[in-house]
Structures are given as structure tokens and as C-alpha cells.
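Comments concern the structure below.
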Protein chains: 4
Amino acid sequence: MNTKTQKRRLQIIEDAIQVLAEEGYANASIGNIAKKGGISKGVVTYHFPNKMQLMKAVVEHSYGLAAPYMEKFMDGLDSAPATLRAYIESNLRFMFEHPKYVTAIIEVVSNLRTESGELYYKDEDESIYEPLIDIFKWGQEIEGSFREFSPLIMARTVRSVIDSLGPKIANHDISDMESTISEIVDTFDYATRKTIK
Amino acid sequence: MNTKTQKRRLQIIEDAIQVLAEEGYANASIGNIAKKGGISKGVVTYHFPNKMQLMKAVVEHSYGLAAPYMEKFMDGLDSAPATLRAYIESNLRFMFEHPKYVTAIIEVVSNLRTESGELYYKDEDESIYEPLIDIFKWGQEIEGSFREFSPLIMARTVRSVIDSLGPKIANHDISDMESTISEIVDTFDYATRKTIK
Amino acid sequence: MNTKTQKRRLQIIEDAIQVLAEEGYANASIGNIAKKGGISKGVVTYHFPNKMQLMKAVVEHSYGLAAPYMEKFMDGLDSAPATLRAYIESNLRFMFEHPKYVTAIIEVVSNLRTESGELYYKDEDESIYEPLIDIFKWGQEIEGSFREFSPLIMARTVRSVIDSLGPKIANHDISDMESTISEIVDTFDYATRKTIK
Amino acid sequence: MNTKTQKRRLQIIEDAIQVLAEEGYANASIGNIAKKGGISKGVVTYHFPNKMQLMKAVVEHSYGLAAPYMEKFMDGLDSAPATLRAYIESNLRFMFEHPKYVTAIIEVVSNLRTESGELYYKDEDESIYEPLIDIFKWGQEIEGSFREFSPLIMARTVRSVIDSLGPKIANHDISDMESTISEIVDTFDYATRKTIK
DNA sequence: TATGAATGAGTGTTCATTCAT
DNA sequence: TATGAATGAACACTCATTCAT
């Protein structure tokens, strides 16, 4: 695949993300996406032979953008609680700074279905929870800094708080970035720490 | 409006909820909803002159079912932390026992848009957070049992966790009800209590 | 199904037959068929939820028209050769008088394919050959008026000759009805009779 | 036109024949033909500036393959009935051994249309019947071995039997080559010979 | 109240063809 | 020669809505 093609593909993916974030999955038709990019519908179907492949490309591209962003915040931390705080903060910061990517992912993940009607992205794939589970096990079993709780359920809890913020930020329902971040970071710090009541 | 009409309306709303929960918003067409109920498309449009009114009725009906369910658990509690625990538990229990209503609400709330393309249900309406905010203020200002935090942000956090569980439960991604409930209840107990570190 | 619906269905089927006969299968799109009937595309898909069902209805309808036409010619014949002659003559006469139905059948039968790409109407179903096979067995085994030959292969031979005439008649490539009929009838009379060389 | 170009043209024609025989005219798109040959769509349109020219080349090529095959069987025969038998047998044998060429021809001939909607290959061109007409006239007027019948109508009858077998053979609806050939050869022998009843 | 016929806009997708490279 | 990006029209099909009955 040459540079020209890669550029076009990327442009179409970005247009799709824009439409998904602004107008929602139901309005993210091939025609609307093409219109957003000022190109013909045929160009889109040329580069993505069907809609599902475009939607999957949207998800992959957006995740690809988020990943390095998060690593940047998590390098070289020396305790489980500090790493959890960094994980949450970096995720939320990415959302505030790139809300459209997050919204696009959520639109696709919660609406893209297979021909048989089932959601294409089901929660079965628990790989998204693994970094959090690792942090929790570290704090519980090695450091002793976290209280006892189910790492999987806590991971799901953390991620649902993060994920649900995306659309609200994109819709400008939430604007106070710094206080939102620090409050949520503190909340999960209290929620997980071993404490003396 | 007589009894017969009310019955029909209710049947249509329940059919719509069923389709929304099983096949998602995109497949919740008037035709599919009518087919689910074994009635003609015309009956639906007779009782709900357009699709938006039906979708709004779905949300109202489902909220109406959840409300009394929750009050049952919250009556006569004498401390803020206990009331918070009861609020979360009753909400989650409703979800596990009636996941289709929760999924239907989420499908509609996250997809229903006005003609101009904006989400019809925006987070602007903060009335849904009021019960939680009241509990938090009670614990912070009167009892002194809660630590300092933003009641609104904490309310949003609690509700995200609750709301995000709906689809997962409906999809059978989460099955262990009792441990999920107790873990989440504990999590927010630790997250909100005034503690001595 | 009430009268109004039946009428519409029939009108659409007739329009489809007209388009198939005049413009061929490739041009027999839902849009062209609707245009032929001066109705909107939606009416067609309302009565025939997908194209295959319309095409199948075209075949059934056309066969239904041919059947009684042929019986009329074959009643009360008292010898196998005479019945064979009547069978061929009535079939050919139907073609000359209603070439569009025959052409429509051929267009559909030779072009309609399943999703997997196979012809929907395959020759596997040999029921169309049964009347001929019965006549041949009668003449061979009971009357002794026919020479020995494979009834199935002869039946296929007779039907190929009949079927291939349809498009030629419809295209006005063949115009001399009476001599064509009598020549073909004679041909298969000679081809099947027990003779003394 | 140099050798390399001729080779490419031939490869494309063979690929087109393959697709026509396997998937039918409707699926014989430029894209599918190119995919079959593992080449780009552009190569096809470079060698055949439009689809009609490719389809015509398919027909010419396939006829060209059949012709020598048939002559081989007909050389040096000394009577009209023997020549007729050889003509039919060689034609049928070609079909059983190369069904894809025959199917391809039939697909194109019965579907290729001009822009105005008329079949491109009409029966008007009676040159295909000439060899048969010559045989019949030879037997009727010179040898006296054939009975009286219309040479043109009989030629059409013979060819329709031959042509209709192509798709059936390609679809594996007919498998018993030798008996099919001998039965049909016999049938037209009886059908044409001067006999004493 | 209820039906279902009809409409017209919109969906994803396929395709022959053009053209710059 | 060959490529593949791009176009625009056409395709089957779905849908919310209207309306006569």
C-alpha cells in the first residue's frame, strides 16, 4: 500500500470519526462520511469494501492514538497506587484533549452489529482490563498497598467511569477538566487503598 | 384515553423495549416493533404519531418501573452511608432483574437525536443526579460521615458505573450478581467515607 | 389477501414479465419494472419483499397460464403418437400466442441465482419431463407404437426444441407459425415411431 | 499487435470464459474477471476498451475452438446421413469435453445487449445453420436419402438440441455422455431419413 | 381504532468507465 | 503496458410517514 492510498484511508477514517462524534452512529452513513470529506461515495467503498471494515478501522485507529498517550504517563512509577492514579489521569486527559476519538469508539462499539444482530464488540474480550488487573494484583499481593477486592470487577468499574465520560465531554456537558480528573483519581485512590477506619 | 387504548400503548412500549434490548436501536424500526407484537405497522403510528414519541415513552416507562423498585430499598434508612449503599444496591438489583429496561433506556438515550442531529437526551438535565447529591450533602454537611468531594462529580461517577452495567448484564457478559453488587457497594463506601489513613 | 392486493401483485408480475421479455433479465430491475407500471419502487418491494420472490412469482404465474392451455389440446387422445403430436403442438402454439410468458420464464430460469451463485432453477427437478416420459412409456411398453429409446433423453430433446423457440419467436426471428409447428411435430413423429426401414 | 499483448488478451478471454461458465453473465463483471486472473481491473480495460468488446471476443474465441474440433469428425464422409451423424456427434462431444466454452457462449449470446436494449446476437444471422442446411439439401436433392422437410427449420431444431445441452452438461445435470450422444444422433437419423412405414 | 397500501428518501454495495501516473 | 484511484449511476432493500378505507 503506497503513501497516497494510506493518506486517503486516513482521511476517510478521520472523516468517519468526525461524523460519528458529531452526528452519532445512526447518521454515520457512507454518504455522510463522504460528504464530510468532500469526496464521492465511491471513494469510500473503494478503500473500505464494506462499512464494517471502515468502522473497525475507526476503532483501531482511535485506540492506536490513545495507547502511546497513556504510556507516556505511566512510565517509571514505583508504586501501585501511583500507577493507578497515573492510569486514570492519562486516560481522562486523553479524553478531554481528544474527545472525538473516544466518542467515535463508543459509538461504534455500542452500535456495530454482525449480520446476525449481535454486537460485534462484546465484553467477552477482557484484554482491555488487563493493565488495570495487573496494577491491582501488584498492590494487593506484592505491595500490600491495596485492600482486598475483585481485580476484575474493580477494573470494570474504573473503565466504565472513564468510558462514560467520553460522550459527556464531547457534548460539552462536562467542562471542568482539572477538577474532574482530580476528583475521580482521588475517588479510586480511596476506593482501593488499605485504610484504618 | 380509555383503558383499551392504554393497554395497547403499553403493549407497544413493551414490544419496543424488547426489540431495543435484543437488536439495538438501529434495528428498532416501527416495522420490527410491530412484528414483535404481531400487529400492523399502522397500529404503532396510530398510537405514537412519530417514532420519537414512542422512544420517549419507552424511556419514561422504564424509568417509571425503576423508581418504586428503588424506593423500596431506601425507606427508613438512618445514615448517609447506609442510604448510599442501599441506593447502589437497589439500582444494580433492578438491573440484574430487569436488564432489558435498562438496556432499552441506554439504547434510546445514547442514540435518539433531534432533526438537527443533537442527542435528545443530554446530560444537561442533572435531575437524575439529585438523589445522590442529596445523600452526599447529608453525609458531608450534617452527619460528617463522608469526606470532602464534589457531590456532582461523585454522583456522575456512581451513575456511570451503574448505567454501564446494563448492557453487560443484558449481554450475559456479567453473571455473578451478588459479588458484583457487594464489590461495587463496598467500592463506593470506601470511596466516600471519612477515613483515618 | 384481498382483491386489491391480488390485483396489484398481478399487475406487478405482468409488468415484470413485459420487462423481462423486452429488455432481458439484466435490465429487469425493480426500478425498471416499477417504471413500466407507472408506480413507485416502494410498491414493488412492498408486495414482493425481495427480488427473488418476484422472479419466482413470474415463473409460477407463467407456468400457470401455460398449463390449462396445454391440457385443452391433450384431452381425449387415444394413441401415444397422437398425444405426443398434441403435446408439442399445444406447447408451440402457446409460445407463438404468448411469447412473452415463455421468454420471461427462460430469462428467469437461466439467470436467477442463489446468494451462493448457483442457478436457482437447475435441471435436477425432472418433473417437467414427466408428461413426456409417460407418453413415451405408453407408446413403447403398452402400444408398441414407439421404437426403443431413452424416454428421459428424448423428453429432454423435445423440451429443448420447444424452449429454445421462445426467445426466437419473441424476437420475431421466427414468424411462420403453422409451418414451424407442423415441421417440428412431424420431426418428432418420425424420430419416435417404430418404422420399417 | 505483438506476442505479449496477444497472450494477455487470450488470458483475459479465458478468465472471462471461466467466470461466465461458473458464475453466470450477471456476475461476470470486469472486476471478477480480473480477480480470477489475479490482475488489476485496469489491465482488462486496457486490452478491451469496453465490456462489449470483451464479450464479443469471448464468443469469437469459443467458436474458433469449436470449429476445427468439428471438422476433424466430418472429413471424408460419403453420405448425407453419415455426415449429419458426424456433425451432431462432434458437436456434442465438444460440449462434453469443453462445456465451459459452450456455456460462456450461451451466457453472452443470451444476455449481451446493445445500449438500446436489444439482444446483440439475434437469430437473424443464419450463417450458423448453413453447414446443416447444406447437409440436408445434399441428402434431399442429390442423394435422395432424406425425406422432405424444411432444411432451415430442421437446422434450427438440431442446433437448439445441441445448444441447450451446454448448460446442463456444465451444471452436471447430464453425465452419461455416450448414451446421450448416441440417442440424439439416432433421433435425428430417424427424424430425417426417408422411410417406409 | 385499526389496517395495510403507497410513497420517497435513504441505506450499503456493485459496477463500467476514465484517467493520472 | 500496467496500475489502481476516482467517479457517478444503478442496484436491491429498509424505513418513517401518510392516508384512504
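- Going from atom CD of Glu23(B) over to atom CD of Gln18(B) covers 9.5 Å, rounded to the nearest 0.5 Å.
- A cation-pi arrangement is not found for Lys56(D) relative to Tyr63(D), the charged atom failing to lie both closer than 6.0 Å to the ring centre and inside a 45° cone about the ring normal.
- Take the nearest nucleotide of DNA chain E for Ile39(B) and for Val43(C): the residue whose nucleotide is more 5' is Ile39(B).
- With a 6.0 Å radius and a threshold of 12 heavy atoms from other residues, nucleotides or ligands, Lys122(B) has its NZ atom above the threshold.
- Between Ser40(D) and Arg8(A), the residue anchored closer to the 5' end of DNA chain F is Ser40(D), taking for each the nucleotide with the nearest heavy atom.
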Walk me through whether Glu22(B) and Lys100(B) qualify under salt bridge (Lys or Arg N to Asp or Glu O under 4.0 Å). CA-CA 8 Å; Glu22(B) 288 171 4; Lys100(B) 70 178 181 182; over 6 Å; no
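- Just one residue in the list Val108(D), Asn32(D), Asn111(D) forms a side chain to side chain contact (heavy atoms under 4.5 Å, CB included) with Leu20(D), and that residue is Val108(D).
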Output field dot_bracket for DNA chain E (Watson-Crick or G-U, both distances under 3.5 Å, | for other-strand pairs) contains .||||||||||||||||||||
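- In this structure, Lys51(C) is positioned above the aromatic face of Tyr25(C), its NZ or CZ under 6.0 Å from the six-membered ring centre and within 45° of the axis.
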Could you run down the sub-3.5 Å N/O contacts of the protein with nucleotides 11-14 of chain F?
from    : atom 1 : to       : atom 2 : distance (Å)
dC11(F) : OP1    : Ser29(C) : OG     : 3.1
dA12(F) : OP1    : Lys51(C) : NZ     : 2.6
dA12(F) : OP2    : Ile30(C) : N      : 2.9
dC13(F) : OP2    : Lys51(C) : N      : 2.5
dC13(F) : N4     : Lys41(C) : NZ     : 3.1

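- Here the CD1-CD1 distance, from Ile17(A) to Ile105(A), works out to 8.0 Å after rounding to the nearest 0.5 Å.
- First and last contacting nucleotides of DNA chain E toward chain A (any atom under 4.0 angstrom from a heavy atom, 5' to 3' order): dT11(E) to dT14(E).
- Taken from NE2 in His61(D) to CD1 in Ile12(D), the straight-line distance is 12.5 Å, to the nearest 0.5 Å.
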message: Checking Gln6(D) against Arg9(D) for the side chain to side chain donor-acceptor pair (under 3.5 Å) test, could you report, in this order, the C-alpha distance in whole Å, the side-chain angles of both residues, the deciding distance, and whether it holds?
response: CA-CA 5 Å; Gln6(D) 281 179 316; Arg9(D) 277 180 57 93; over 6 Å; no
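- Thr103(B) and Gly166(B) get closest at one heavy-atom pair: OG1-O, 3.9 Å.
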